[in-house]
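Here the structure is laid out as structure tokens; the discussion comes afterwards.
Chain A is the first sequence line, chain B the second, and so forth, proteins listed ahead of strands; every chain is numbered from 1.
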Amino acid sequence: MKTRQLGKSGLKVSAIGFGCMGMSHGYGPASDKKEMISLIHAAIDRGITFFDTAEVYGPYVNEELVGEALKPFKGKVVIATKFGIQMENGKQVLDSKPETIRQSVEGSLNRLNVDTIDLYYQHRVDPNVPIEEVAGVVQDLIKEGKVKH
Amino acid sequence: METIRRAHAVQHLTAIQSEYSMMWRSPEEQLLPTLEELGIGFVPFSPLGKGFLTGKIDKNTTFDSSDFRSIVPRFKPENIEANQVLVDLIKRIAAGKKATSAQIALAWVLSQKSWIVPIPGTRKLERLVENLGAVEVELTPEELHDLNYALSKIEISGERYPAEYANRVGK
């Protein structure tokens with residue numbers, strides 16, 4: 001598998017990644033977890049090193065799936081996840097308040113079975129929180145070793 | 001774009017994720033030039049147009065209520081029919097390159113910039129293998145030029161999100 005670098009960051013990943021959302025969210029009822037774990041392992045066998053999920057996919061179950069599947073491959077693959085959308089009474093709500101991001105990161109680390117999140121995105125911009133503040137929180141998380149990029 | 005610049009000034013960004021495919025080329029206007037200037041990678045979601053570009057969906061396709069596409073304007077039968085011209089174009093190119101439609105759609109995304117990494121999804125091993133085959137499909141500059149010219153003549157029908165979602169999504 002060919003690899004590519006994401007911008008000037010130094011983060012190298014397979015030229016094609018694997019978007020995992022559809023296995024449990026958005027494209028019909030979730031598929032059997034065991035089958036999806038085998039599929040993720042088949043992707044690794046074929047050279048994929050870049051896996052995409054988010055806290056809100058499920059919510060939570062997609063991160064749990066990805067975490068369980070990639071547990072044996074810690075440090076050998078890049079996992080991207082996202083904060084900034086919370087479920088409230090069954091509806092998606094944009095929330096990038098610093099305290100919410102801090103809660104989200106702990107939950108994602110836990111579900112993904114990792115010590116560090118390789119790539120952490122803001123899922124959608126929260127109009128109520130200045131982007132500088134959001135970037136500052138992520139910067140702190142990087143300093144604390146909870147996030148790499 | 002201003003949001004990306006402001007965030008990047010505080011903490012260097014590694015990558016931005018947004019939709020990008022042969023049927024959603026809006027990132028070419030401002031996003032890609034901005035990312036190139038700032039040295040930020042790009043991770044396109046829905047590089048296969050939520051399955052549409054694979055040629056496996058037609059106006060008779062129905063979506064379960066738990067499938068997001070059941071409420072996406074682009075997947076209404078009349079829009080699927082109107083956009084069939086794009087599927088046909090991709091099929092013709094795929095036949096000429098001995099590749100599949102999905103592989104052409106992914107190869108097109110990959111060929112735009114060296115710092116783009118698409119993330120197609122699937123639940124099937126055969127589709128996974130097919131998608132990965134796109135890495136071996138090379139589109140020459142002439143082929144890309146002709147393809148982009150043909151794409152520029154096609155107007156895509158139907159919005160990519162229902163209105164209640166669209167207003168939350170930045171470009």
Side-chain angles (χ1 to χ4, degrees), chain A residues 1-11 13-23 25-32 35-36 38-39 42-43 46-48 50-52 80 82 85 92 94 118-125 127 130-140 142 148-149, chain B residues 2-17 35-36 38-48 50-51 63-70 106-107 109-110 113-125 127-129 131-136 164-165 168-170:
Chain A
M1 172 56 73
K2 293 173 186 168
T3 59
R4 289 188 166 202
Q5 188 171 306
L6 289 170
K8 293 178 190 156
S9 63
L11 186 62
V13 294
S14 51
I16 293 182
F18 199 166
C20 297
M21 178 188 85
M23 296 182 204
H25 181 98
Y27 287 82
S31 283
D32 178 73
E35 278 177 34
M36 294 302 102
S38 320
L39 184 61
R46 284 162 178 80
I48 293 195
F50 186 34
F51 296 85
D52 186 86
K82 318 182 188 82
I85 306 181
Q92 294 191 353
L94 303 183
D118 299 304
L119 178 58
Y120 206 26
Y121 299 105
Q122 184 185 31
H123 208 145
R124 296 276 185 272
V125 172
I131 196 68
E132 286 82 359
E133 204 175 330
V134 175
V137 174
V138 175
Q139 184 167 52
D140 291 343
I142 292 173
K148 269 188 214 153
H149 294 272
Chain B
E2 208 39 48
T3 309
I4 292 173
R5 287 183 190 280
R6 283 165 52 200
H8 190 69
V10 176
Q11 168 61 45
H12 274 228
L13 304 181
T14 294
I16 290 287
Q17 183 175 139
L35 298 183
E36 184 147 55
L38 300 176
I40 301 171
F42 184 45
V43 179
F45 71 80
S46 299
L48 298 171
K50 298 184 164 61
F63 299 101
D64 187 85
S65 62
S66 60
D67 189 322
F68 176 68
R69 292 171 291 189
S70 62
L106 289 172
V109 169
L110 286 166
K113 298 286 175 193
S114 64
W115 37 269
I116 294 182
V117 180
I119 48 166
T122 179
R123 298 181 182 200
K124 298 193 185 97
L125 180 60
R127 296 288 171 232
L128 174 74
V129 173
N131 291 344
L132 294 183
V135 172
E136 306 304 328
E164 58 170 301
Y165 287 74
R168 301 197 319 208
V169 182

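If you tally non-hydrogen atom pairs under 4.5 Å between each of B:Asp64, B:Thr3, B:Leu106 and chain A, the highest count goes to B:Thr3. Taking chain A as the reference chain and counting heavy-atom pairs below 4.5 Å, the highest number among B:Val129, B:Asn131, B:Ile116 is found for B:Ile116. Among B:Ala9, B:Gly41, B:Ala134, the residue with the largest count of heavy-atom pairs under 4.5 Å with chain A is B:Gly41. Interface check for chain A: of the options B:Val135, B:Ile40, B:Ile16, B:Ile4, the most heavy-atom pairs under 4.5 Å are formed by B:Val135. Interface check for chain A: of the options B:His8, B:Arg123, B:His12, the most heavy-atom pairs under 4.5 Å are formed by B:Arg123. The choice from B:Pro47, B:Ala7, B:Ser114 that makes the most heavy-atom pairs within less than 4.5 Å of chain A is B:Ser114.
In this structure, chain B has heavy atoms under 4.5 Å from both the backbone and the side chain of A:Ile16. Heavy atoms closer than 4.5 Å to chain A are found in both the backbone and the side chain of B:Lys50. With a 4.5 Å cut-off on non-hydrogen atoms, A:Tyr121 touches chain B through its side chain but not through its backbone. B:Thr122 touches chain A through backbone and side chain together, each having a heavy atom under 4.5 Å away. Neither the backbone nor the side chain of A:Lys148 has a heavy atom closer than 4.5 Å to any heavy atom of chain B. Only the side chain of A:Met1 comes within less than 4.5 Å of a heavy atom in chain B; its backbone stays farther off.
Scored by the salt bridge (Lys or Arg N to Asp or Glu O under 4.0 Å) test, B:Glu36 finds B:Lys113 as partners (sequence neighbours excluded). Partners of A:Lys8 under the salt bridge (Lys or Arg N to Asp or Glu O under 4.0 Å) rule, at least two apart in sequence or in another chain, do not exist in this structure.
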